[in-house]
Amino acid sequence: REEVIHAKGGLERLRGIKNITATTKATGLGANAPQGTVETVTYLEYPNHVRVESKTPRGETVQVFDGSRAWVKDPSGIHDVPDQMVRDLEGNLRRDTVAALLAAADGLLIARQLIDARDENGGLRYALELSGKDLDPTILYIDPETSLVVKQSYVAGGRGTPLVEEVFTDYRSVEGVQVAFGTTLRVRGESVLDRRVTAFTINAPVSPALFKRPAS
């Protein structure tokens, strides 16, 4: 765990991250994937504020979670979201690599070393399971040479739902923090989404108004 934190950027630097702003382009994979590219800007303010602005072939949408409530704004107006979606958003925030590593360092998550694994190419991966009262078990797969997280897997939405895997590639240093600029999302072992970071900033000014629900 200490090696993973050090490789990510070090405990002091990770604690200094107040927010991130990431611009991405995502493309669906597979025969049933929707056509076109989705351009997204994500504002993440630790510990629990997130705003996702998406441009899709069907129009623009905004998803916001302010730490307790979540809503969506789309061409038809502003809508509350189901409780399950709120729980999914909370889970995504807790699985964020920076948040999860800091929670593990502070003893808020239980870290358990699992048996080493092999990737599809036979490469050795250390396996570290993180879990807690508010986080279902999430397994981090770590490259023994770089100590960077190259994959994480979890079951989203509770028992009976499919295994989700996020494969991280193309790590680059942003202000001393190692950031994966490539992510492939897999569900039931099949790749369904390819996401590429086109811009990434740390601790840029973020207006509190971004996380406030506008009048309907």
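All heavy atoms count here, side chains included; hydrogens, waters and symmetry mates do not.
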For this session: Report the distance from atom CG of Leu44 to atom CD1 of Ile202, rounding to the nearest 0.5 Å.
Result: 11.0 Å

For this session: Side-chain contact test, heavy atoms from C-beta onward, threshold under 4.5 Å: evaluate it for Val98 versus Tyr46 and give yes or no.
Result: yes

Exercise. Would you say Thr40 and Val52 make side-chain contact, with heavy atoms under 4.5 Å?
Worked result: yes

Problem set entry | Interatomic distance, Glu60 atom CD to Ser54 atom OG [nearest 0.5 angstrom] | 9.5 Å

Problem set entry | From CG (Asp88) to CG (Asp83), nearest 0.5 Å | 11.0 Å

Problem set entry | Pairwise side-chain contact, Val81 with Val86, heavy-atom cut-off 4.5 Å (strictly under) | yes

Problem set entry | Nearest-0.5 Å distance that lies between atom CG in Leu148 and atom OG1 in Thr169 | 11.5 Å

Seminar exercise, completed: Partner of Arg186 under side chain to side chain contact (heavy atoms under 4.5 Å, CB included), picked from Leu193, Val167, Leu29, is Val167

For this session: Compute both the distance and the angle, then confirm whether Arg51 meets the cation-pi test with Phe65: under 6.0 Å from the six-membered ring centre, within 45 degrees of the axis.
Result: no

Exercise. Counting distance only, does the side-chain N/O of Asp170 pair as donor-acceptor with the main-chain N or O of Phe181 below 3.5 Å?
Worked result: no

Problem set entry | Side-chain donor/acceptor of His79 to backbone N/O of Val72, under 3.5 Å | no

For this session: Tell me, please, which residues at least two apart from Asp143 pass side chain to side chain contact (heavy atoms under 4.5 Å, CB included).
Result: Arg125, Glu145, Thr146, Val150

For this session: Taking Arg15 for its side chain and Leu11 for its backbone only, find out whether a donor-acceptor pair lies under 3.5 Å.
Result: no

Problem set entry | Arg69 (side chain) donor-acceptor with Asp80 (main chain) under 3.5 angstrom | no

Exercise. Counting distance only, does the side-chain N/O of Lys8 pair as donor-acceptor with the main-chain N or O of Gln178 below 3.5 Å?
Worked result: yes

Problem set entry | Asp96 bridged to Arg94 by N-O distance under 4.0 Å | no

For this session: For Tyr141 and Glu165, run side chain to side chain donor-acceptor pair (under 3.5 Å): C-alpha distance rounded to whole Å, both residues' side-chain angles, the deciding distance at 0.1 Å, then the answer.
Result: CA-CA 10 Å; Tyr141 296 89; Glu165 298 173 297; 5.9 Å; no

For this session: Using a strict cut-off of less than 4.0 Å between a Lys/Arg side-chain nitrogen and an Asp/Glu carboxylate oxygen, indicate whether Arg112 and Glu129 qualify as a salt bridge.
Result: yes

Exercise. Is the side chain of Thr37 donor-acceptor paired with the backbone N or O of Thr27 at a distance under 3.5 Å, no angle test?
Worked result: no

For this session: Check whether any side-chain N or O of Asp119 sits under 3.5 Å from a backbone N or O of Asn121 as a donor-acceptor pair, and report yes or no.
Result: yes

For this session: Using modelled atom types only, decide if a donor and an acceptor are shared between the side chain of Thr138 and the backbone of Asp136 within a distance under 3.5 Å.
Result: yes

Seminar exercise, completed: Nearest heavy-atom contact between Ala111 and Leu130 is CB-CD2, 3.7 Å

